[in-house]
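Data first, discussion second: the structure below is written as structure tokens.
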There are 2 protein chains.
Amino acid sequence: MSTRSEIIRIGDELIRDKGYNAFSFYDIAKALGIKNASIHYHFPTKVALGIAVLDEQMAALEALIEKGVQKEPLDKLKDFFSIYIKIEAEGKICIVGSLASDLHTLDVLLAAKLKEFANRTLEWVTDIVKEGHEKGVFRLSSTPRDKALMIITNMLASLQLTRLTGGQDFNTIKDTIIKELKA
Amino acid sequence: MSTRSEIIRIGDELIRDKGYNAFSFYDIAKALGIKNASIHYHFPTKVALGIAVLDEQMAALEALIEKGVQKEPLDKLKDFFSIYIKIEAEGKICIVGSLASDLHTLDVLLAAKLKEFANRTLEWVTDIVKEGHEKGVFRLSSTPRDKALMIITNMLASLQLTRLTGGQDFNTIKDTIIKELKA
DNA sequence: ATTTGCCTATCTACTACATGGTAGGTACAT
DNA sequence: ATGTACCTACCATGTAGTAGATAGGCAAAT
């Protein structure tokens, strides 16, 4: 765990906890017990750090997809859910939801990475839904892409809403998605 | 349209376009052709403005609810959708989604208002779903509250995602919700 | 073996700027 | 003459980012 990777890790957590525009290099420096300027040694600009955070997330996503290629559709879907279960346990939100809110303030490079990440996620879930439908284990009343969008938006926003409505809303949503999907 | 209400209107737009932490009093002053300090005359602090924005949204919500009390459940639901249709046309996101992302940076008073607003919305949609189910026009495979949560999260996040995935995703999601609901 | 020199990672100290907020004044209408 | 709505001018703070110094490690050249 190099300083560089620690900076990325903390930057990621801060984005998902407070939002891109609400965290500063000082927040990271303080957490690591180093000085503000040392962050700039590893990442010349805040945008560079943001891009590194997204690159890391993208790599993790690809790894998760790769790990599950041979699994059954329902288990693939559970892999997808596992991302949000972890985030929910942290009391944070997902990086797409966080950065999407700040979209119109983001550097064009960062915005492009974000779009790439969101579309890759959508592509993955669409494939899962499609496969499940073709194998006859998922019941669909719309196109795979539509259903994937519904599932992703349910997950993404339930992380944001659960922090407002309190309770177990995140978990009931997750369970209802599976229940409604099962053929 | 007093200056005060104009400030609220622009503040609201800025929050839903750039996020609470990314807009400044200067943005509003510039838009109105007045000076920074004049905003402080109407709203002593940024938090006070944020609260006024939420109060206004809450009043609009109550008015929309009131206007539709005698409508059929499906039409009530369409009233609910109309909120998001308008926002989508603006290329912005909803205020709950925007502020929820910034939750951990918000003043405690503002956070409380936000929770109130989110819960009032959830209550309304839950009632609509429940009524539709009781009247036999909506088909449910979960509790009214669960279904309401699914619908709200679909809407909330599709505004955020549509800005990333481009196309007509918002509209297809909206149509699919209605299709899946109809008994 | 020691020197030379570069690379890494950090530091102190600084700049330029934007921010939210304040103080006090002015023009004007009721 | 009192309140409204705005102004100019200012302040304190926090921000991203820069410049230049230091200290240690490593490796090739002397």
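Every chain is numbered from 1 and lettered A, B, ... according to where its sequence line falls, protein lines coming before strand lines.
Distances shorter than 4.0 Å separate some side-chain N or O of Ser38(A) from OP1 or OP2 on dC11(C). Applying the 4.0 Å criterion to OP1 and OP2 of dG20(C), one finds that Lys46(B) has a side-chain N or O inside that range. Phosphate proximity of dT15(D) to Ser24(A): present, with a side-chain N or O under 4.0 Å from OP1 or OP2. Side-chain N/O atoms of Tyr41(B) include none lying less than 4.0 angstrom from OP1 or OP2 on dC6(D). Put simply, His42(B) has a side-chain N or O that comes within less than 4.0 Å of OP1 or OP2 on dC6(D). Put simply, Thr3(B) has a side-chain N or O that comes within less than 4.0 Å of OP1 or OP2 on dC6(D).
Without hydrogens or angle criteria, Asn119(B) side chain to Lys115(B) main chain gives a donor-acceptor distance under 3.5 Å.
Distance Ile28(B) CD1 to dC6(D) C1': 16 Å, rounded to the nearest Å. Counting to the nearest Å, the P atom of dT19(C) and the OH atom of Tyr26(A) are 22 Å from each other. In this structure, Asn21(A) places its CG atom 13 Å from C1' of dA18(C), rounding to the nearest Å. If you take CD of Glu6(A) and P of dA9(C), they are 14 Å apart, rounded to a whole angstrom. With rounding to whole Å, Ile39(A) atom CD1 is found 15 Å from dT18(D) atom C1'. The CZ-C1' distance, from Phe43(A) to dT10(C), rounds to 15 Å in whole Å. Rounded to whole angstrom, the span from the CG atom of Asn36(A) across to the P atom of dA13(C) amounts to 15 Å. Rounded to an integer number of Å, the gap from CG of Asp27(B) to P of dC17(C) is 18 Å.
Geometric assessment of Lys46(B) against the ring of Phe23(B) yields a positive cation-pi assignment under the 6.0 Å and 45° thresholds.
Side-chain proximity of Ala37(B) to dA16(D), dT12(C), dC7(D): nearest is dC7(D). Taking every side-chain heavy atom of Thr45(B) into account, dG21(C) is the closest of dA16(D), dG21(C), dT19(C). Listed candidates were dA16(D), dG20(C), dC7(D). Nearest to the side chain of His40(A) is dA16(D). Closest to the side chain of Ile34(B), from the set dA9(C), dC6(D), dT19(C), is dC6(D).
Among the heavy atoms of the strands lying under 4.0 Å from Phe25(A) are primed sugar atoms or P, OP1, OP2 only; no base atom is included. Residue contacts for Phe23(A): at a heavy-atom cut-off of 4.0 Å it reaches the sugar-phosphate backbone alone, with no base atom in range.
The closest side-chain donor-acceptor pair between Asp169(B) and Thr162(B), if any, does not fall under 3.5 angstrom.
Between Glu180(B) and Lys147(A) there is a salt bridge, since at least one side-chain N of the basic residue sits less than 4.0 Å from a carboxylate O of the acidic one.
For the pairing with Arg145(B), the side chain to side chain contact (heavy atoms under 4.5 Å, CB included) check across Thr126(B), Asp127(B), Val129(B) returns one residue only, Thr126(B).
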